[in-house]
There are 2 protein chains.
Amino acid sequence: MIGVAIDAQDVAALFGASRRESAPAYRRLKNVITEQIGTGRWPEGELLPSENQLVDSLGLSRMTINRALRELSSDGLLVRMPGVGTFVAERRSSSALYGVRNIAEEVSRRGRRHRTDVVFVREEPADRRAHRMFGIPEGSPIYHSRVVHFEDDSAIQLEDRHVHPDLAPEYLQQDFTERTPNDYLSRIAPLGKGEHIVEAVLGTAEDCASLGIDAAEPCLLIHRRTWSEGQLVSAARLLHPGSRFRLEGTFDSL
Amino acid sequence: MIGVAIDAQDVAALFGASRRESAPAYRRLKNVITEQIGTGRWPEGELLPSENQLVDSLGLSRMTINRALRELSSDGLLVRMPGVGTFVAERRSSSALYGVRNIAEEVSRRGRRHRTDVVFVREEPADRRAHRMFGIPEGSPIYHSRVVHFEDDSAIQLEDRHVHPDLAPEYLQQDFTERTPNDYLSRIAPLGKGEHIVEAVLGTAEDCASLGIDAAEPCLLIHRRTWSEGQLVSAARLLHPGSRFRLEGTFDSL
DNA sequence: GAGTGGTCTAGACCACCTT
DNA sequence: AGGTGGTCTAGACCACTCG
């Protein structure tokens with residue numbers, strides 16, 4: 001066996017300390033486990049106590065334990081194998097295809113910590129490409145931001161974004177460590193239409209340096225444009241290290 | 001009151017008819033409800049029978065009913081309100097899922113010529129992974145195909161696919177140069193649910209040789225699984241050279 | 001007050017994996 | 001054989017909504 005098993009008594013201590021919360025027991029147990037995984041105190045592959053051990057140490061019924069573990073498994077934080085045990089899942093980001101909107105939310109939904117590094121936020125003269133896309137005169141000001149999104153301490157997205165200055169006049173004054181650009185934009189400009197293009201590429205040397213990855217690592221590049229009231233609001237280039245990020249989506253026959 | 005309530009006896013009839021499935025009860029109940037909503041027989045806003053009514057009509061314990069309804073609620077198909085009832089949710093934003101459906105169609109829609117090379121189509125003993133995914137015994141036969149799709153004369157997709165033998169018994173006899181595996185499967189097994197996972201990777205040496213690309217070229221890898229009637233029909237690994245392929249999609253005011 | 005969903009218990013049987 | 005998770009039961013108490 002690789003990882004040292006987590007002790008049921010440790011879980012009991014953490015769970016006991018959460019008694020102040022008024023949430024239901026299964027919720028509190030989920031919170032405790034999510035926190036341990038999020039902070040890295042329980043590393044990938046670590047074996048959790050069995051359901052029966054937790055029944056004894058936590059004083060809850062097995063159904064309650066089972067619900068907490070089952071939901072965490074369906075959230076992708078744990079991996080359960082019948083006859084074997086419950087393990088901390090490998091940390092590999094994944095986002096709903098149509099959920100590429102709010103990366104901070106996706107990250108925290110997985111019980112991880114989201115952090116943003118701002119590379120720059122500035123006004124620039126529009127080049128020909130911006131002129132064509134946004135329909136503003138060449139040389140007139142346009143906003144340009146570049147930030148890096150972290151999940152815990154690994155970079156998972158380099159966001160390079162151009163924004164129409166008239167539709168988001170306060171853009172330069174925003175603190176993007178507090179609220180992501182996407183967050184801000186979706187608040188001030190009601191989303192009308194969006195477009196995604198996804199491809200596999202290698203990052204430039206600068207991209208790779210920002211993300212802290214090797215130059216040969218394949219990356220997922222998402223071009224994302226959003227319109228509001230028929231006007232292009234924002235065009236973003238979202239670059240994700242292939243080893244740390246993937247897109248997920250489901251569809252129904254509807 | 002708006003919607004006419006759904007009768008618990010109707011649910012019982014549908015549930016009884018699903019007895020042939022060997023799935024657990026909560027799963028069958030979820031399938032039955034999903035199907036009714038998917039086909040529109042239960043319109044938006046419709047009131048479902050209460051948990052206690054279903055306990056009586058289905059002969060299941062309330063915990064089992066509750067699990068089915070709770071999970072459907074978390075899946076967004078139902079909306080539950082304590083003290084009020086359970087309702088069919090409003091249609092989910094039909095986030096345009098990327099059109100990975102039929103590559104032959106996509107190619108010819110672009111005015112190019114589509115061609116398929118069959119690498120192999122064969123029966124294999126299921127390994128552990130197949131066993132877990134498809135729920136068939138380890139070592140029992142499973143179908144495995146690998147074909148390369150060309151757009152004009154450049155390879156754009158390596159399709160490696162495993163298929164449940166019971167749900168597509170004639171799979172080995174198909175001529176995939178005439179009709180793609182996807183085409184065939186969607187004809188014989190009505191699509192229920194699908195899942196995509198998209199990531200950026202490097203192909204194996206064999207992959208790159210099949211696609212005629214350099215080993216260092218980033219590729220878009222799509223894992224695609226499709227279910228019919230709650231049973232996994234097919235799991236495919238679709239590998240696209242990054243330089244020759246990208247995914248596009250649009251979405252509307254979600 | 002009657003009905004709803006939300007939660008929880010203390011058992012149980014099963015298929016599965018490991019030894 | 002013994003441990004694991006997967007499922008299920010038949011009860012129970014609660015906060016909530018509605019008439």
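Proteins come first, then strands; the chains are lettered A, B, ... in the order of their sequence lines, and each starts at number 1. All values reported here derive from a predicted model rather than from experimental measurement.
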Trainee: To the nearest Å, give me how far apart CG (A:Asn52) and P (D:dT4) are.
Mentor: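 After rounding, the gap between these two atoms is 6 Å.
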Trainee: Do we see a donor-acceptor contact under 3.5 Å between the side chains of B:His196 and B:Arg224?
Mentor: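 There is such a pair (donor and acceptor under 3.5 Å, judged by atom type) between the side chains of B:His196 and B:Arg224.
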Trainee: Among all residues two or more places apart in sequence or in another chain, which pass the salt bridge (charged side-chain N to carboxylate O under 4.0 Å, His left out) test with B:Arg122?
Mentor: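 Checked B:Arg122 against salt bridge (charged side-chain N to carboxylate O under 4.0 Å, His left out); matches are B:Glu124.
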Trainee: Does the ring of A:Tyr26 carry A:Arg67 above it, NZ/CZ under 6.0 angstrom from centre and within 45° of its axis?
Mentor: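 That pair qualifies as a cation-pi contact.
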Trainee: So that I can tick it off, tell me whether A:Glu71 and A:Lys30 are bridged by a salt bridge, with the cut-off set at under 4.0 angstrom between side-chain N and carboxylate O.
Mentor: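 Yes.
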Trainee: Tell me yes or no: between the side chains of A:Asp152 and A:His114, is some donor less than 3.5 Å from an acceptor?
Mentor: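 A:Asp152 vs A:His114: no donor-acceptor pair found between side chains.
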Trainee: On the ring face of B:Phe87, is B:Arg80 found with NZ or CZ under 6.0 Å from the centre and within 45° of the axis?
Mentor: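 The answer is no, since B:Arg80 fails at least one limit relative to B:Phe87.
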Trainee: Could you tell me whether B:Leu69 contacts a base, only the sugar-phosphate backbone, or nothing, with contacts defined as non-hydrogen atoms closer than 4.0 Å?
Mentor: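 No contact at all - B:Leu69 keeps every heavy atom at 4.0 Å or more from the nucleic acid.
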Trainee: Cation over ring, A:Arg115 on A:Phe150, under 6.0 Å and within 45°?
Mentor: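 Yes.
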Trainee: Does DNA chain C take part in any stems of at least 3 consecutive Watson-Crick or G-U pairs (both distances under 3.5 Å), and if so, which ones?
Mentor: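 As far as DNA chain C goes, consecutive pairing (with distances under 3.5 Å) yields the stems C:1-18 with D:1-18.
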Trainee: Mapping A:Arg70 and B:Arg62 onto DNA chain D by nearest heavy atom, which one lands closer to the 5' end?
Mentor: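 Comparing both residues, the 5'-ward one is A:Arg70.
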Trainee: Which is the 5'-most and which the 3'-most nucleotide of DNA chain C that has an atom under 4.0 Å from a heavy atom of chain B?
Mentor: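 Result: C:dG3 to C:dC17.
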Trainee: May I have the distance from A:Gln53 (atom CD) to D:dG3 (atom P), rounded to whole angstrom?
Mentor: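 Taking atom P of D:dG3 as the reference, CD of A:Gln53 is at 10 Å.
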Trainee: Taking atom P of D:dG5 as reference, at what distance in whole Å does atom CE of A:Met81 sit?
Mentor: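 Rounded to whole Å, this separation is 10 Å.
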Trainee: Hey, which sits more toward the 5' end of DNA chain C by its nearest nucleotide, B:Leu48 or A:Ile65?
Mentor: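 Looking at DNA chain C, the more 5' nearest nucleotide goes with B:Leu48.
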Trainee: For DNA chain C, whose closest nucleotide is more 5', that of A:Arg27 or that of B:Gly83?
Mentor: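 It is B:Gly83 whose nearest nucleotide is closer to the 5' end.
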Trainee: When you check the gap from the basic side-chain N to the acidic O, do B:Glu206 and B:Arg146 get nearer than 4.0 Å?
Mentor: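 A salt bridge is present here (some side-chain N lies under 4.0 Å from a carboxylate O).
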